[in-house]
Amino acid sequence: MTEDPNHPARAFLRRTKSVTRAPEAALEISRKAVEDQLKICGHKRDADVFELFLSKKELTEVIDLSRFKKLKYLWLHHNKLHGIKFLTRNYCLTELYLNNNAIFEIEGLHYLPSLHILFLHHNELTNINATVKELKGMLNLKTLSLYQNPLCQYNLYRLYVIYHLPGVQLLDQNQVTEKERRSTITLFNHKKAHIAQSIAFRRKVDASWDPRSTFKQKPAQKVPPDFAFANNVDKTVFDDPEDAVFVRSLKRSAMAITFLNWDTVLTREEKYLQEKGAEPAQMLTVTLR
């Protein structure tokens, strides 16, 4: 190879070496930040580390933290992280603060089954399906923040997250309500919504409807022209439909409720003073049709 420093081959080698050194330098910065925190907290053994405060360290990479088996609280907010693949064996982690970074994917979070609080707001998450899929297996997740991410521009973002993550109770600093949970079933599970609406008389009827299928109307039973029973067949023709409705309402069965009018019953004092005549108590009747 020529000794010319400006030769394209030598320029390519310099760029390759600089790219290789960049992650190493970033990991070295991360390693130093972790060691500084251990010194500040006075930890001498990895088994004694329950929390790490690594926020505002200008971190772009983080070293593998799997050596801290009992790590429960981790602060990494206000850095320059792009991913979180360094968290794969911290099974005891319960609180994770990753807000205000440049994270565009959260691959690896499903390895944290004990996670209870997760802050991811102010990042670069764009794929709502991939994000929700990664969080589905976290059954203990109760508090989640995703606001100020590109995926929040999705029209039904909040309801979509609530439907797929039913265990979350606080989303983007707002409590998840029962009304929102019911709305998610109506929007994302049409079959379950129709079945729920058709429950009556202690039995469930599948009233689901597929809008793509043709509507099949049940054939009406035909009555012979010369057949009539009671008043169920009314051949009267009305010019005004409201008159037909009124007449039909008058033919409905009536229900009468009779009760005692307590205003006509003498009290003990009135009986003693005889301020009222000894008239019999009145009965009131209310008729409902």
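Computation of the quantities below employed the complete heavy-atom set of this structure, encompassing side-chain atoms and omitting hydrogens, waters and symmetry-equivalent molecules. The structure presented is a predicted model; accordingly, all values stated were derived computationally and were not measured. Throughout, residue positions are numbered sequentially from 1 according to the sequence presented.
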Here the pair of heavy atoms bringing Y111 nearest to Y91 is O-CD2, 3.4 Å
Without swapping roles, check the side chain of N90 against the backbone of L93 for a donor-acceptor pair under 3.5 Å. no
Examine distances only and state if a side-chain atom of N123 and a backbone atom of I103 form a donor-acceptor pair shorter than 3.5 Å. yes
Keeping N101 on the side-chain end and N99 on the backbone end, is there a donor-acceptor pair under 3.5 Å? yes
Answer with yes or no whether the side chains of N174 and Y147 bring together a donor and an acceptor at under 3.5 Å. no
Spatial distance of atom CD (E124) from atom NE2 (H82) [nearest 0.5 Å]: 9.5 Å
Could you tell me whether the side chain of L109 reaches within less than 4.5 Å of the side chain of L118, counting heavy atoms only? yes
At what distance, to the nearest 0.5 angstrom, does CD of Q37 lie from CD1 of I40? 4.5 Å
Are the side chains of H77 and S55 in touch, meaning some heavy atoms are under 4.5 Å apart? yes
Do the side chain of E134 and the main chain of G108 share a donor and acceptor less than 3.5 angstrom apart? yes
Is any side-chain heavy atom of R181 closer than 4.5 Å to one of I162? yes
Atom pair OH (Y97) and OH (Y73), whose distance is rounded to the nearest 0.5 Å: 8.5 Å
Verify the cluster assignment for I84 and V132: are they in a single hydrophobic cluster under the rule of side-chain heavy atoms below 4.5 Å apart? yes
N149/F104 under side-chain contact (heavy atoms from CB on, under 4.5 Å): CA gap, chis, key distance, verdict: CA-CA 9 Å; N149 276 284; F104 57 88; over 6 Å; no
Treat each ILVMFWY residue as a node, draw an edge where side-chain heavy atoms are under 4.5 Å apart, and state whether F86 and I29 are in one component. yes
All heavy atoms of K70 vs all of F50, minimum pair found to be O-CD2, 3.4 Å
Any idea which heavy atoms bring L146 and C152 closest together, and the distance? O-SG, 3.0 Å
If you draw a 6.0 Å radius around OH in Y157, do more than 12 non-hydrogen atoms from other residues or ligands fall strictly inside? yes
Determine whether V161 and L144 satisfy the following criterion, side-chain contact (heavy atoms from CB on, under 4.5 Å), listing intermediate values before the conclusion. CA-CA 10 Å; V161 174; L144 175 65; 4.2 Å; yes
Cluster link W75 to L120, ILVMFWY, side chain under 4.5 Å: no
When you compare the side chain of E180 with that of Q175, does any pair of heavy atoms fall below 4.5 Å? no
Ignoring hydrogens, what is the shortest heavy-atom contact between R89 and S66? Give both atom names and the distance. CB-CB, 3.6 Å
Without swapping roles, check the side chain of R158 against the backbone of L171 for a donor-acceptor pair under 3.5 Å. yes
Start with the C-alpha distance between E61 and K80, add both sets of side-chain angles, then the distance that settles side-chain contact (heavy atoms from CB on, under 4.5 Å), and finish with yes or no. CA-CA 8 Å; E61 298 285 344; K80 299 179 180 179; over 6 Å; no
Value rounded to 0.5 Å, distance of CZ in R182 from CD in E178: 6.5 Å
Do N140 side-chain atoms and L115 backbone N/O form a donor-acceptor pair below 3.5 Å? no
Could you check if a side-chain atom of L52 sits within less than 4.5 angstrom of a side-chain atom of L38, using non-hydrogen atoms only? yes
Using only atom types and a distance under 3.5 Å, with no angle test, would you say the side chain of T143 pairs donor to acceptor with the backbone of L170? no
Could you walk me through whether K56 and N79 pass the side-chain contact (heavy atoms from CB on, under 4.5 Å) check? CA-CA 5 Å; K56 300 180 180 180; N79 281 296; 5.7 Å; no
In a check of side-chain contact (heavy atoms from CB on, under 4.5 Å) between L151 and each of N129, T131, T126, which one passes? T131
So which of I117, L112, L71 actually passes side-chain contact (heavy atoms from CB on, under 4.5 Å) with L96? L112
Rounded to the nearest 0.5 Å, what separates atom NE2 in H116 from atom NZ in K72? 11.0 Å
Centroid separation under 6.0 Å, is that true for the rings of Y154 and Y160? yes
Taking the side chain as every heavy atom from C-beta outward, state whether L59 and L81 have any atom pair closer than 4.5 Å. yes
Return yes when atom NZ of K142 has more than 12 non-hydrogen atoms of other residues, nucleotides or ligands closer than 6.0 Å, and no otherwise. yes
Check the side chains of H122 and Q148 for a donor-acceptor pair under 3.5 angstrom, ignoring hydrogens and angles. no
Cluster question for you: counting only ILVMFWY and a side-chain heavy-atom cut-off of under 4.5 Å, with indirect links fine, are F53 and L74 together? no
Side-chain heavy atoms of L87 within contact of L65, under 4.5 Å: yes
Rounded to the nearest 0.5 angstrom, the NZ-NZ distance for K57 and K32 is 9.0 Å
Using every non-hydrogen atom in the two residues, find where C92 and K69 come nearest and quote the distance to one decimal. SG-O, 3.6 Å
May I ask you to test the L135-I106 pair for a side-chain heavy-atom distance under 4.5 Å? yes
